[in-house]
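All values derive from a computational prediction rather than experimental measurement. Atoms within each ligand, like the ligands themselves, are counted from 1 in listed order. Heads up: numbering here begins at 1 and tracks the sequence.
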Amino acid sequence: MDSQPKLHILFNRQEIEATVSRLAAEISQDYHDKYPLLIGILKGSFMFMADLIRHLDFPLEVDFIGLSSYGGGRQTLGKIKVVKGLQSPVKGREVLVIEDIIDTGLTTAFTLDYLRKKKPASLKLCALTDKPARRQVPVTIDYLGLTVPNKFLVGYGLDLNQKFRNLPDICFIEDED
Ligand code: 5GP
Ligand code: MG
């Protein structure tokens, strides 16, 4: 259990940077005159958010929401609650949610639902990665970076039990068997 997992690079830092630039160009086209509120889902999205907004040269605001899904480890267990609320009012704002990875879709569906109730002017989703093989609820990704295989990823903000967030590349963990 505590043995070091074997990591392999899935997307290196150059590939990530190219993807982030492409997403930023798409977002710039749609939001440059809209003064959007970008909402990152903690903790995984912090690195993507930081890199993404450096490419956006128009007025915007940033906020973060913290969620907990019961149980640690590798699974979203379906019961989600807000543990760190937003500081910015959402009503009437052009809101863009920033996620690291869409897996079952449960976290994102919950977040979009939660935000929709606050009556934003618009609500869209940008995800750096998408793992469609595991989807349980449908989620529309308006700005998608990379589609990934059904493997557990770490690095570039993504963790395994809070470790590996600091890796500059997106890696996958070799199956133990
Ligand atoms: P979902 O609710 O879509 O199943 O999962 C969303 C959240 O689960 C992500 O924001 C992320 O925090 C976590 N997650 C899903 N897949 C992975 C993965 O492959 N690696 C890591 N580190 N976290 C993941
Ligand atoms: Mg996350």
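Taking all heavy atoms of Ile41, Leu153, Leu67 into account, the minimum distance to atom 20 (N) of ligand 1 is reached by Leu153. Of the listed residues (Ile101, Thr104, Val148), the one carrying the non-hydrogen atom nearest atom 4 (O) of ligand 1 is Thr104.
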Review point. What do the steps show when you test Arg13 against Glu17 for salt bridge (charged side-chain N to carboxylate O under 4.0 Å, His left out), and what is the final call?
Key: CA-CA 6 Å; Arg13 58 203 81 178; Glu17 167 53 23; over 6 Å; no
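Distances shorter than 4.0 angstrom occur between a heavy atom of Gly105 and an atom of ligand 1. Taking 4.0 Å as the cut-off, Asp159 counts as a neighbour of ligand 1 on heavy-atom distance. Under a 4.0 Å heavy-atom criterion, Lys43 is not in contact with ligand 1.
At a heavy-atom distance under 4.0 Å, only side-chain atoms of Asp100, from C-beta outward, approach ligand 1. The proximity of Arg134 to ligand 1, defined as any non-hydrogen pair under 4.0 Å, does not occur for either the backbone or the side chain.
With hydrogens and angles disregarded, a donor-acceptor distance shorter than 3.5 Å links the side chain of Arg135 to the backbone of Asp103. Proximity of a side-chain donor or acceptor of Asp63 to a complementary backbone N or O of Ser88 within less than 3.5 Å is detected.
Grouping the Ile, Leu, Val, Met, Phe, Trp and Tyr side chains by contacts below 4.5 angstrom, directly or via other members, places Leu158 apart from Ile9. No chain of hydrophobic side-chain contacts below 4.5 Å, direct or via other Ile, Leu, Val, Met, Phe, Trp or Tyr residues, connects Tyr35 to Leu115.
Set against the non-hydrogen atoms of Lys131, the atoms of ligand 1 under 4.0 Å away are 16 (N), 17 (C), 18 (C), 19 (O). Below 4.0 Å from some heavy atom of Glu99 lie the following atoms of ligand 1, by number and element: 9 (C), 10 (O). Every atom of ligand 1 is numbered from 1 in the order shown, and the set under 4.0 Å from a heavy atom of Lys151 is 19 (O).
Judged by distance alone, the side chains of Thr19 and Glu15 never bring a donor and an acceptor atom under 3.5 Å apart. Side chains of Glu94 and Ser122: a donor-acceptor N/O pair is present below 3.5 angstrom, by distance only.
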